[in-house]
Structure formats: structure tokens, C-alpha cells
Amino acid sequence: MGKFWNIVGLLIVFIAMYIAYTSRDTFDPESIRGKRVIVTGASTGIGEKVAYQYAKLGANILVTARRENRLKQVVKKCLDLGAQSAHYISLDMQVIDETGELITEAEKTLGGLDYLVLNHALYNVELWDGDIEGLQALMNINFFSYANLATKALPMLSKSNGSIAVVSSFAGLVTIPSMTTYSASKHALNGFFEGFRLELNYKNINVSITLLLLGVVTTDHAIELIQDREMFAKYGDPDEAATCIMKATSSKQTWAYYPWVAARIPEIIHTISRDLCDVMMRLKN
Ligand SMILES: *[C@@H]1O[C@H](CO)[C@@H](O)[C@H](O)[C@H]1NC(C)=O
Ligand SMILES: *[C@@H]1O[C@H](CO)[C@@H](O)[C@H](O)[C@H]1NC(C)=O
């Protein structure tokens, strides 16, 4: 019995050390000044907030999304907040052949790249209805464009010892009904970028990749989709999510979670939760 409690005690100490280690703050705000940053999906939501976080610390910023009028406003606010420079290019991430223009634009306007923040996504809440073309479009936006942009940006990023932030989701680990297609695209992101990161390591290419697993964050879009406002108290805040993305990326973490409990716990109980979902569906019938 004594042995058992010794083991439990040791486990608790290890877990506490692990949490302390992974949550330590090594971020140096000065390290962002003058850095060249791309943020995708920056016309609204978390992407917009990420652009402002970098702007406040004096970065050079290139934002992209589809809506030009929104991007103009974001660029203006970035400059007001203290960005050394701010530019935009309006692109549709569904058209894979065009996504590379973002990297060409970065070469032209920024002259290189330190941070590539991939954040754009098509987020829908609906049951799978068999629309394969819709799924292909969603995969283009949520997955293929990410792979293409990361690949095309790699030469610039390896020159600068740069970093890639991949904004993913707890839906890349577990799924629930109505998130089938979104979840599939996030699973693809997690699998691809985990492998890509290991391969860069293997090839001694000094470009870090940070996978950000976000839980539900109260962006305007999320509030629109999930009508139940009462529930929002326990969800994440877009500004805090943006800070987490910037800090985790600049300190070259491999995985980061926000809100920590909502995003990390599903991973810890990954296998159990998968079975649990099945059980719940069975109970419902
Ligand atoms: C990248 O890292 C290497 C190794 O630490 C260093 O020699 C080189 O100067 C760095 N390059 C830049 C642009 O920071
Ligand atoms: C990788 O780049 C960082 C700067 O971002 C540098 O501190 C580090 O020494 C580099 N590591 C290697 C192995 O070149």
C-alpha cells in the first residue's frame, strides 16, 4: 500500500512539474519589433486580433482575407497601434493556385518572412449531407492552402530561422455531430503539420511549427453560429487567444492550447472521449 501512494505522489509531482514547465512564460515582447509577419484570415475574428498583437509590438505586417474593405480597416488600425508597416492582399484561399501570390507579395513588400500565421478557416455547423464538392472546397480552404503556403514560404522562413503558426482546433482531435467536415479538415492539419515539423527537424531546417489547438472562442462568427449565449461564459476570449498564438509561436512551442482546459482535456482523454461520444449517441436513441 505504501508503495502505491509513493507512486501516486511521484506522479503528482511529475504532472505538476510538467504543467509548470509547459506554462512557463519565456516570451520577450522586444523580439517582435521589426519582424516580418503574415496573418491569414485577418479580416475578422482571431486573425484580426493576431495582427493587432504583432502591430502593437512594432512588427511589419501583411494581412490577407477575401474582403478588401475590411482588410483596409485592419491595415489602418495596425498602423495606428504601432506597426512599422502594414499591407494587405485580398485572396480567396479556396483557389489553391492563387494562394501562392501571398508569398510572392511577402517577398515584395516585406523582403522576407519571420512569422507565417495560418489562421483562415471555413467553419460550419451542419450535419453531413453528402455534398462532396462542398467538402472539397472546405478542404481547399482549411487544409490544402495551409500546406501550399507553408511549403512556398519555407525558403524565406529558413533564411530567417522563422516560424509557422497553424491555428487548429480541438476538433482536430475529437469530433461531435455537426462538425464532421470541419473536424476532418482539422485532423488533416494536425497530421500534416506534425509530420512536416518532424521532417524539418530531420533535415536540420531551423523553422519551427506551432500547432495551436483552440477550443471555442467567442468571435462574432462563433456567437452567430452558437446561439446559446448563456454558454459563452466558459469559452475563450479572442484577444487572449491571439496573445496565446503569438507567444507560443515566438517561443517555438510545438503544441499550445487555448483555453487550456477546454482544448487540452479532450486530448488527454482522446480515446476515452471517442468511446464516450458513441455511448452518448446510443443513449440518445
Ligand atoms: C539562424 O540560426 C543560426 C544558428 O543559430 C545562426 O547562425 C544564424 O545567424 C541565424 N540566422 C538568422 C537570420 O537569425
Ligand atoms: C534556430 O533559430 C534560432 C533563432 O530563431 C536560434 O536561436 C537557434 O540557435 C537556431 N538553431 C539552430 C540549430 O540553428
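Order of listing sets the numbers, starting from 1, for every ligand and every atom in it. Any value given below was found using the heavy atoms of this structure, including those in side chains, with hydrogens, waters and symmetry copies removed.
- For atom 9 (O) of ligand 2, the nearest protein heavy atom lies 4.0 Å or farther away.
- Cation-pi contact between K77 and Y52: present, with separation from the ring centre below 6.0 Å and deviation from the ring axis of at most 45°.
- Shown here, atom 2 (O) of ligand 1 is in close reach of the protein: a heavy atom of it lies under 4.0 Å off.
- Side chains of K152 and N148: a donor-acceptor N/O pair is present below 3.5 angstrom, by distance only.
- Here the heavy atom of the protein found nearest to atom 4 (C) of ligand 1 is N161 ND2, 4.7 Å.
- T210 and Q253 form no side-chain donor-acceptor contact under 3.5 Å, judged by distance and modelled atom types alone.
- Relative ring orientation between Y146 and F193 is described as perpendicular, the plane-to-plane angle rising above 60° on a 0-90° scale split at 30° and 60°.
- Side chains of T40 and T64: a donor-acceptor N/O pair is absent below 3.5 angstrom, by distance only.
- In N206, the part holding a heavy atom less than 4.0 Å from any atom of ligand 2 is the side chain.
- Nearest non-hydrogen protein atom to atom 5 (O) of ligand 2 is K252 CE, 3.3 Å.
- For ligand 1, the polar-atom distance check finds no N/O of K159 at less than 3.5 Å from any of the ligand's N/O atoms.
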